[in-house]
There are 2 protein chains.
Amino acid sequence: MLIAIDCIIFGFDGAVLKLLLFKRKIRPEKGRWSLLGGFVKQDEDLESGAGRILYNLTGLTNVFVEQIMTAGKVGRDPVERTISVVYFALINILDQGQEALNAHNAQWINLDDKPNLIFDHDEMVSKALEWLRYKAALHPLGFELLPERFTIPQLQNLYEAIYSMRLDRRNFNRKIHSTNLLIDTGEKDPLSNTKKATLYRLDKDRYNNKFDSFWHFMPHPGNEKG
Amino acid sequence: MLIAIDCIIFGFDGAVLKLLLFKRKIRPEKGRWSLLGGFVKQDEDLESGAGRILYNLTGLTNVFVEQIMTAGKVGRDPVERTISVVYFALINILDQGQEALNAHNAQWINLDDKPNLIFDHDEMVSKALEWLRYKAALHPLGFELLPERFTIPQLQNLYEAIYSMRLDRRNFNRKIHSTNLLIDTGEKDPLSNTKKATLYRLDKDRYNNKFDSFWHFMPHPGNEKG
DNA sequence: GCAAAAGTGTTGGCGTTACACCCATGA
DNA sequence: TCATGGGTGTAACGCCAACACTTTTGC
């Protein structure tokens, strides 16, 4: 029995949610799209393995990584019985260059345009998206996908992408500010042709301390009864 | 590398939350307390493995089981590198007899009196409890721990045990009823010396359909800001 | 000055907490 | 009839969704 790690890597370019996928260079299923993965080494922890795999592809460390499930169906890998521990990672697309990606046949792909993946990787992506939605509704997870300095409209775009819904600008603003997790950098986003949005950065200490508190980032309009 | 399954089995006797543990009959760590576990068979899915292990110990099928994590630290099992997929199960204590337990050296132990367990099993229990609290705050999970017919005070006791806090009887009542998940059996709980509580049963269909909705079973009093 | 996007204020509805009151039962 | 616990009602508060208005910028 083999133990593998597969990584679901979410990224955000400011407009749509993306997935980092790569085209297999080896058999089986050569040429098809797949999650990034690898086998667990004899002397490494699972987390380390996930970190290693991410580092090799993106060159990034200090990435938000979380274990979300372990897939172990008997026939999931047609070649040999393989148990796969699935991690999901949130990274800021801009942080990481194109070269490493090319070297690995990797590519950012819009979540909406996702091709079918090998094995049970589609299921894994579904689970991960479900998980992301679940968690981001209650915890200030979104910041992980943004650059160090970001605007509130950017954050709102992100949440809208995650949930495929439009949010009210004003309520969203107040909700985010009420977390007291933002620090005004005093600067403005130079882009955009209209009123420039304020650039904020995350209050890391508060973020770490309060990450597990229950916020309510998504609106919950009239609960239907019955 | 070996693949194991460990099961954290929660039970509720009407007053306190319990854990089903057993005393190891084999080396290593013979005689110490441990979670119930076993190795994954070559031809069985992970879920099936968890089900098999649970069935062998409790004789129960149709148990609420959920995968919560996979532990894979290098030295966690001192004998051989072992990856353990952890499941947690919620069962109604009364459903299951004493014989099977004795045969396996197993015993229900109050969560508060939990002895130290072998390997990293203590961590697993912490994670499971955290998970239980997280989930039970938002989803109608508690019913799994109660007999088929139960009273609202029983359910309240359960929630109080899970969160180690007292809840307001009246608000709890309304909250539970507002879920529309309860069916009045028309009967009363014969026990108790005072006014007999109404016995309800779960509306299974609604329960399955709405399990993933976000309720708020726990009170959330004045959010401290700052 | 106009359009477009960022940011601030206000209000009304509704869910929820906190609390008072009645009911049923056995001793 | 009293104590104990189950069950219902209600009112004030606070949060939040919905909406109007002001500000800034580039053309």
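Naming: A, B, ... by sequence-line order, numbering from 1 per chain.
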**OP:** Hey, which sits more toward the 5' end of DNA chain D by its nearest nucleotide, B:N193 or B:L199?
**Re:**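 Whichever sits nearer the 5' end wins; that is B:N193.
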Output the rounded distance in Å from [atom1] ([X]) to [atom2] ([N]).
X: B:K195; N: D:dC2; atom1: NZ; atom2: P; answer: 20 Å
X: A:L191; N: C:dA6; atom1: CG; atom2: P; answer: 12 Å
X: B:R169; N: C:dA18; atom1: CZ; atom2: C1'; answer: 13 Å
X: B:N173; N: C:dC21; atom1: CG; atom2: P; answer: 19 Å
X: A:D168; N: C:dA5; atom1: CG; atom2: P; answer: 15 Å
X: B:K188; N: C:dT25; atom1: NZ; atom2: C1'; answer: 12 Å
X: A:N157; N: C:dA6; atom1: CG; atom2: C1'; answer: 13 Å
X: B:L167; N: C:dA18; atom1: CG; atom2: P; answer: 11 Å

Original post:
Taking NZ, NE, NH1 and NH2 as the nitrogens, is one of them in B:K114 or B:D122 under 4.0 Å from a carboxylate oxygen of the other?
Top reply: yes
Subject >> Donor-acceptor pair, side chain of A:R32 and main chain of A:K23, under 3.5 angstrom >> reply: no
Subject >> side-chain N/O B:K175 vs C:dT17 OP1/OP2, d < 4.0 Å >> reply: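 So the side-chain polar atoms of B:K175 do come within 4.0 Å of the phosphate oxygens OP1 or OP2 of C:dT17, strictly under.
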Original post:
Taking the six-membered ring for Trp, are the ring centroids of B:H104 and B:F22 within less than 6.0 Å of each other?
Top reply: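 B:H104 vs B:F22: aromatic centres not under 6.0 Å.
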Go through [options] for me and flag the one nearest to the [X] side chain.
X: A:R174; options: C:dA18, C:dG7, C:dT10; value: C:dT10
X: A:K196; options: C:dG26, D:dG26, C:dG7; value: D:dG26
X: A:P219; options: D:dT10, D:dA17, D:dT25; value: D:dA17
X: A:T198; options: C:dG7, D:dG5, D:dG9; value: C:dG7
X: A:N171; options: C:dG7, D:dA18, D:dG9; value: D:dA18

Subject >> Over 12 foreign heavy atoms within 6.0 Å of NZ, B:K135 >> reply: yes
Subject >> Ring geometry between B:Y207 and B:F143 (parallel below 30°, tilted from 30 to 60°, perpendicular above 60°) >> reply: perpendicular
Original post:
Is a donor-acceptor contact shorter than 3.5 angstrom present between the side chain of A:R170 and the base of C:dA6?
Top reply: no
